2 protein chains.
Amino acid sequence: MQDKLREHIEKIILLTDDEYLFVKEHFITKKFKKHQFLIQEGDDVKYSYFIISGLLKLVYTDDSEKQHIVSFAMEDWWESDYYAFFTQTKATMSLECLEDTEVLCFTLEQYKKLCDGSPKMLRFFLEKANFGFLASQRRILSSMTSNPKERYEQLLKQYPSLFQRVPKSLIASYLGVSRETLSRLSS
Amino acid sequence: MQDKLREHIEKIILLTDDEYLFVKEHFITKKFKKHQFLIQEGDDVKYSYFIISGLLKLVYTDDSEKQHIVSFAMEDWWESDYYAFFTQTKATMSLECLEDTEVLCFTLEQYKKLCDGSPKMLRFFLEKANFGFLASQRRILSSMTSNPKERYEQLLKQYPSLFQRVPKSLIASYLGVSRETLSRLSS
DNA sequence: AACAAGTCTTGACATTAATCACAAATAAAA
DNA sequence: TTTTATTTGTGATTAATGTCAAGACTTGTT
């Protein structure tokens, strides 16, 4: 395996070999099969996950058992129920494999040690957090300013591979429309 | 003036007097009157603002000139067009006073110096960025799972003071519904 | 007090999308 | 291949929300 994690970090900040070794030992590897859950609602959220390969959905289930896709997570993404992870509370969302998936992950304790031991990683996480915030803000704005068809096209443009990998009903759930409405957009 | 900035930072991380002095000198103070713009669409975004007192709206104007409120910013909040600020591109949003407002602000350059010179401030900004991301994610989820009436009530519960301070038409714009629909919710 | 500007409510109607129902198409499993 | 499950598409209906229009109410100003 080429080192996906190192490549990923070094898009933002360069590390010496020693620094990277220090980083690397805070992670452990895990593998999951399609349909397995990394997080289930009500669980403790032990880990934050960096996805080496595969595809996941982060899902919130509302009072009437309807599922809403908060995000898809693919190669090179970080994912978890971050509220629960950071506050060490029970998960309100689930994280489930849509494909066989390999991840690197760390606990909150390891995350803190990483931040304390490496100012560069602190910078890295700050950059990631800022980017995540901006992406969420853009999504809010897109839901306010665009109709379902436009949102569909934006998503298609941004992540074309998604559309070969997940059923349209999940895309609909991510976009916040019914699958029937999504189906009618094409025509 | 009691020191709002110090109080604000020390909710997250304690500073020595010297450390705080270092932090403080990276900021400058500005005052604005109601209806004044801190940022206008198309401008360079020179500053990130910490609000000492007052109230602002962050607004995106779409192609058909319709305004969408991305957020309200009140005392103790940070606000800017952060995408434009971090990438040093032109503003796509505007930031306008709804009340007379006093802010502390810094440039991107000062922000970087602050991060480089103070690991504690780096931690502080990381915590803020994480919190901002989580808040945005909650808002996305709320727009997917709740109807306008529920979203209105959530907002009312979270920021009761807003409702004495801004017209309902702006609340409607923030919630993503027309002012007429919002008006009909009460009944 | 009188006016102006801004704000809020309500009705009528149009539009959009959700829901329900079912059939067709596709993919997965036996 | 045959069977079974999953996914997708489409019509009919219903519900929610937007839009347009008018008027009432507030607030601030002169």
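As the structure is a prediction and not an experimental result, all values here were calculated from the model.
Both A:E180 and A:K34 lie close to DNA chain C; mapped to their nearest nucleotides by heavy-atom distance, the more 5′-ward contact belongs to A:E180.
B:K168 has its NZ atom 12 Å from the P atom of D:dT27, to the nearest Å. Rounded to an integer number of Å, the gap from B:Q164 CD to D:dT27 P is 13 Å. In this structure, CG of B:N147 is placed 15 Å from C1' of C:dA17, rounded to the nearest angstrom. One can place CG of A:L182 at 10 Å from P of C:dA18, the figure rounded to the nearest angstrom. Atom CZ of A:R184 is separated from atom C1' of D:dT13 by 11 Å (rounded to the nearest Å). As a whole-Å value, the separation of A:H68 NE2 from C:dA18 P is 11 Å. In this structure, A:M144 places its CE atom 13 Å from P of D:dG18, rounding to the nearest Å. One can place CZ of A:R165 at 17 Å from P of C:dA27, the figure rounded to the nearest angstrom.
Pairing each heavy atom of A:F85 with each of A:F106, the nearest pair is CE1-O, 3.8 Å.
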**OP:** Would you check, one step at a time, whether the test side-chain contact (heavy atoms from CB on, under 4.5 Å) holds for B:L95 with B:D81?
**Re:** CA-CA 8 Å; B:L95 183 58; B:D81 179 338; over 6 Å; no

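Contacts of A:S169 with the nucleic acid, taken as non-hydrogen atoms under 4.0 Å apart, involve only primed sugar atoms and P, OP1 or OP2.
A ring pair (Phe, Tyr, Trp, His ring centres under 6.0 Å) with B:W78 is found for one member of B:F131, B:F50, B:Y47 and no other, namely B:F50. Exactly one residue among B:R139, B:K57, B:R151, B:H68 makes a side chain to side chain contact (heavy atoms under 4.5 Å, CB included) with B:Y174. That residue is B:R139.
Picking from C:dA18, C:dT10, D:dT17 the nucleotide with the shortest atom distance to the side chain of A:V177 gives C:dA18. Here the side chain of A:R179 is nearest to one of D:dT17, C:dA18, D:dT8, namely D:dT8.
Note on B:T181: a side-chain N or O is less than 4.0 Å away from OP1 or OP2 of D:dG18.
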